[in-house]
Visitor: 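First, the structure itself, so that you have it in front of you.
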Amino acid sequence: MAGSEVLGGSRFNRDLTPSEQTLLLQIRRRKATLLQEIAQLQQEIETVTKSLSNHDNPQKNNPVPPPPPATLAEPEPSDTFTDLVDMETDNSSTNSDKQNQAVIKLMSLGCKKFNMDPKKGIEFLVQNNVLEGGMSVGAVAMFLYRGEGLNKTAIGDYLGEKNDFNEAVLKSFVDLHDFTDLILVQALRQFLWSFRLPGEAQKIDRMMECFAKRYCQLNPGIFTNTDTCYVLSFAIIMLNTSLHNPSVKDKPTVDQFINMNRGINNGGDLPKELLISLYNSIQAEPFKIPEDDGNDLMHTFFNPDKEGWLWKQGGRYKTWKRRWFILNDNCLYYFEFTTDKEPRGIIPLENVGVRVISDAPKAKQFTFEIFSKNSDFIKACKTDSDGRVVEGKHAVYRMSAGSEEERAVWVLCLKKSISYSPFYELLGGGGQGGNSGGGGSNKRK
């Protein structure tokens, strides 16, 4: 054919360069792949819809064979190379949005895991390449400093841990605060608002020592050494407790506060006017202790997608226990009681499938299960008998509803909450992508 050549079943204009011809072929293949994935998802939705329709109409309860796989025609070639490049740009934009959504979901799940167990939460974020900078001191410190979605008690617990890495994170976390030109009380207010002080004295000691060094570094000349700042900071915290704790009957006077701080300035006394101003500031306005209401896990459970009682089969021991389940934010939570503040377990609905179990025992005939598609285990967590948060070791989570109708609703809601993003494996370092429909391992551990 004069003036043109055939490549991959489509006609290329000969005025395209070889690199443009290669790119054009890649674009068409990419489009065909995306169309195939869309058709596969449509097939799944159609299958579930027919299943629910058959349940609602008893006359249609005969098994309905799945529709034949969608046949995709060869994409029609665009008139111009520019049109195809624009199409690829639109696809890239859509894929970028999907990738961002996957990152947001992983970050949200990582924050929830952090609030239950800080160490496990950080490990989850690092393993899934969500924490910018990876498992570096600066990256973890910045994550805690921003504190978005984090429980401030959990932040304090993590910062207070005694090991080299956590202590380095604490120092980096404190260094992110700017106390320049602040009086000591103002600096303390800012610092103590970024987390909740833990109850252990040794943890508080390490935190206040880092604070004192940072304050003196940014405000040289106020104190003769960091020990003075350290001791005075402790005295201010104690004063705040004594003045504003209702259980303390005898409130300290300003003179008592002055006397308790004698000799702390390298053997000398601090200016009386300074101590009086510190006393008056604390007396007028107590430290604001950060509450975790805004970041509490309970906020996750408002307006859930689905909630109710289900029977859940154990992993190691195959006994059935009644649990209260809440489906929200692409996660399935289960509780021992409806009044529990924190869940017994969290099952992230990423890279999993849901299917009905037809051969379940009569006592649990309305059974369904969540199964892992692309890895050995579902990335879940639970609390053990000692109250410690541990990683779940399930390839399958099996539940039973009270009726066939209830099971159908749960299965439909769960499938709607599952993310089918093809970028999950890239972000999470998971296994190779599986089919978006049923299937998966029946292995239980």
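All figures in this text were calculated on a predicted structure; none of them were measured in a lab. Note that these values count all heavy atoms, side chains included, but never hydrogens, waters or copies made by symmetry.
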Visitor: Not counting sequence neighbours, which residues clear ring pair (Phe, Tyr, Trp, His ring centres under 6.0 Å) with Phe165? List them please.
Guide: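 If we apply the ring pair (Phe, Tyr, Trp, His ring centres under 6.0 Å) test to Phe165, skipping adjacent residues, there are no hits.
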Visitor: Got a donor-acceptor contact below 3.5 angstrom from the Asn240 side chain to the Ile236 backbone?
Guide: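 Checking the backbone N and O of Ile236 against the side chain of Asn240, no donor-acceptor pair under 3.5 Å is found.
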Visitor: Any non-hydrogen side-chain atom of Asn115 less than 4.5 Å from a side-chain atom of Lys152?
Guide: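 With C-beta onward as the side chain, the pair stays apart.
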Visitor: Applying ring pair (Phe, Tyr, Trp, His ring centres under 6.0 Å), can you list everything that pairs with Phe368, at least two apart in sequence or on another chain?
Guide: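 With neighbours one apart ignored, the set is empty.
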Visitor: If you define the side chain from C-beta out and look only at heavy atoms, does anything of Leu232 sit under 4.5 Å from Cys229?
Guide: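 Side-chain contact under 4.5 Å: no.
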Visitor: Taking the inter-plane angle between the rings of Phe191 and Phe173 on a 0 to 90° scale, is it parallel (under 30°), tilted (30 to 60°) or perpendicular (over 60°)?
Guide: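 Because their plane-to-plane angle lies in the 30° to 60° range, the rings of Phe191 and Phe173 count as tilted.
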Visitor: Hey, does Arg398 have a side-chain heavy atom less than 4.5 Å from the side chain of Lys312?
Guide: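 Answer no - side chains too far apart.
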Visitor: Please output the side-chain donor-acceptor pairs of residues 270-277 that fall under 3.5 Å, not counting sequence neighbours, one pair per line with the distance.
Guide:
residue, atom, partner, partner atom, Å
Ser277, OG, Glu273, O, 3.4
Ser277, OG, Leu274, O, 2.7

Visitor: With a 4.5 Å cut-off on side-chain heavy atoms, are Asn280 and Gln283 touching?
Guide: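 In contact.
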Visitor: Measuring from atom CD of Glu123 to atom CD of Gln127, what distance do you get when rounded to the nearest 0.5 angstrom?
Guide: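 So the CD of Glu123 and the CD of Gln127 are separated by 6.0 Å.
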Visitor: With the side chain counted from C-beta on, respond yes when Glu369 and Arg355 share a heavy-atom pair under 4.5 Å apart, and no when they do not.
Guide: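 Contact flag for Glu369/Arg355 side chains = yes.
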Visitor: To the nearest 0.5 angstrom, please state how far the SG atom of Cys111 sits from the CG atom of Leu106.
Guide: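 Going from SG on Cys111 over to CG on Leu106, the span is 11.0 Å.
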Visitor: Determine whether Met208 and Phe234 satisfy the following criterion, side-chain contact (heavy atoms from CB on, under 4.5 Å), listing intermediate values before the conclusion.
Guide: CA-CA 8 Å; Met208 297 313 300; Phe234 255 119; 4.1 Å; yes
Visitor: Could you check whether any side-chain heavy atom of Leu414 comes within less than 4.5 Å of a side-chain heavy atom of Val411, counting everything from C-beta outward?
Guide: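 Side-chain contact under 4.5 Å: no.
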Visitor: Check step by step if side chain to side chain donor-acceptor pair (under 3.5 Å) holds for Asn225 and Thr228.
Guide: CA-CA 6 Å; Asn225 54 56; Thr228 301; 3.1 Å; yes
Visitor: Determine whether the aromatic ring centres of Phe371 and Tyr397 lie less than 6.0 Å apart.
Guide: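 So the answer is no for these two rings.
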Visitor: So, using ring pair (Phe, Tyr, Trp, His ring centres under 6.0 Å) as the criterion, who are the partners of Phe366 when residues are at least two apart?
Guide: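 Residues passing ring pair (Phe, Tyr, Trp, His ring centres under 6.0 Å) with Phe366: none at all.
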Visitor: Quick one: are the ring centres of Tyr145 and His177 less than 6.0 Å apart?
Guide: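 Centroid distance Tyr145-His177: below 6.0 Å, so yes.
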Visitor: Mind checking whether Asn259 and Phe257 have side chains closer than 4.5 Å, heavy atoms only?
Guide: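 Counting from C-beta outward, Asn259 and Phe257 never come under 4.5 Å.
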Visitor: Atom CG of Leu192 and atom CD1 of Ile237: how far apart are they, to the nearest 0.5 Å?
Guide: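 CD1 of Ile237 is found 5.0 Å from CG of Leu192.
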Visitor: Is there a donor-acceptor contact under 3.5 Å from the side chain of Ser242 to the main chain of Leu239?
Guide: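 No: the side chain of Ser242 does not pair with the backbone of Leu239.
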Visitor: Between Asn245 and Ser247, is there a donor-acceptor pair closer than 3.5 Å when you use the side chain of the first and the backbone of the second?
Guide: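 Side chain of Asn245 to backbone of Ser247: a pair is present.
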Visitor: What distance do Ser194 atom OG and Leu159 atom CG have between them, rounded to the nearest 0.5 Å?
Guide: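 One gets 8.0 Å once the value is rounded to the nearest 0.5 Å.
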Visitor: Do the ring centers of Trp324 and Trp309 come within less than 6.0 Å of each other?
Guide: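 Aromatic pair counts; centres sit under 6.0 Å.
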Visitor: Before you tell me yes or no, could you show the steps for Arg407 and Ser403 under side-chain contact (heavy atoms from CB on, under 4.5 Å), namely the whole-Å CA-CA distance, both residues' side-chain angles and the distance that decides it to 0.1 Å?
Guide: CA-CA 6 Å; Arg407 176 176 66 179; Ser403 67; over 6 Å; no
Visitor: Report the distance from atom NZ of Lys120 to atom SG of Cys381, rounding to the nearest 0.5 Å.
Guide: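 The NZ atom of Lys120 sits 9.5 Å away from the SG atom of Cys381.
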Visitor: Keeping the roles fixed (side chain from Gln186, backbone from Ile183), state whether a donor-acceptor pair exists under 3.5 Å.
Guide: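 Present.
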Visitor: Pairing donors with acceptors under 3.5 angstrom, does anything connect the side chains of Lys321 and Tyr334?
Guide: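 No, no side-chain donor-acceptor pair sits under 3.5 Å.
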Visitor: Scan residues 248-257 for pairs that pass side chain to side chain donor-acceptor pair (under 3.5 Å), counting only residues two or more places apart or in two chains.
Guide: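 For residues 248-257, and leaving out neighbouring residues, there are no side chain to side chain donor-acceptor pair (under 3.5 Å) pairs at all.
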Visitor: Once the angle between the rings of Tyr215 and Phe223 is folded into 0 to 90°, is it parallel (under 30°), tilted (30 to 60°) or perpendicular (over 60°)?
Guide: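 Rings of Tyr215 and Phe223: tilted, 30 to 60°.
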Visitor: Looking at Asn151, Ile155, Leu125, which one forms a side chain to side chain contact (heavy atoms under 4.5 Å, CB included) with Phe114?
Guide: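 One option only clears the test, and that one is Ile155.
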Visitor: For Asn219 and Phe179, indicate whether the former's side chain and the latter's backbone hold a donor-acceptor pair under 3.5 Å.
Guide: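 Between the backbone of Phe179 and the side chain of Asn219 there is a qualifying donor-acceptor contact (under 3.5 Å).
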Visitor: Does NZ in Lys306 sit with more than 12 non-hydrogen atoms of other residues, nucleotides or ligands closer than 6.0 Å?
Guide: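 Enclosed: over 12 neighbouring heavy atoms sit under 6.0 Å from NZ of Lys306.
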Visitor: Taking salt bridge (Lys or Arg N to Asp or Glu O under 4.0 Å) as the definition, give me every residue that meets it alongside Lys203, ordered by chain and number, with sequence neighbours left out.
Guide: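 For Lys203, the residues satisfying salt bridge (Lys or Arg N to Asp or Glu O under 4.0 Å) (neighbours in sequence not counted) are Glu161, Glu200.
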Visitor: Return yes when atom NZ of Lys213 has more than 12 non-hydrogen atoms of other residues, nucleotides or ligands closer than 6.0 Å, and no otherwise.
Guide: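 Incorrect, the count does not exceed 12.
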Visitor: Any idea which heavy atoms bring Ile378 and Ser372 closest together, and the distance?
Guide: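 Looking at all heavy atoms of both residues, the closest pair is CG1-CB, 3.7 Å.
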Visitor: Any side-chain donor paired with an acceptor under 3.5 Å for Asn330 and Ser417?
Guide: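 No - no donor-acceptor pair under 3.5 Å links their side chains.
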Visitor: Report the C-alpha separation of Cys331 and Leu109 in whole Å, then their side-chain angles, then the decisive distance to 0.1 Å, and conclude whether the side-chain contact (heavy atoms from CB on, under 4.5 Å) test is met.
Guide: CA-CA 8 Å; Cys331 287; Leu109 179 58; 3.7 Å; yes
Visitor: Side chains of Leu327 and Leu349: closer than 4.5 Å at any heavy-atom pair?
Guide: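 Of all side-chain heavy-atom pairs linking Leu349 with Leu327, at least one is under 4.5 Å.
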Visitor: Apply side-chain contact (heavy atoms from CB on, under 4.5 Å) to residues Leu188 and Ser233 and explain how you reach the verdict.
Guide: CA-CA 8 Å; Leu188 278 171; Ser233 297; 4.3 Å; yes
Visitor: Tell me whether Asp117 is salt-bridged to Lys113, with the criterion being a basic N under 4.0 Å from an acidic carboxylate O.
Guide: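 Result for this pair is no, no salt bridge flagged.
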Visitor: Report, as yes or no, whether the 6.0 Å neighbourhood of atom CE on Met260 holds more than 12 heavy atoms from other residues, nucleotides or ligands.
Guide: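 Yes, because the 6.0 Å sphere around CE of Met260 holds more than 12 heavy atoms from other groups.
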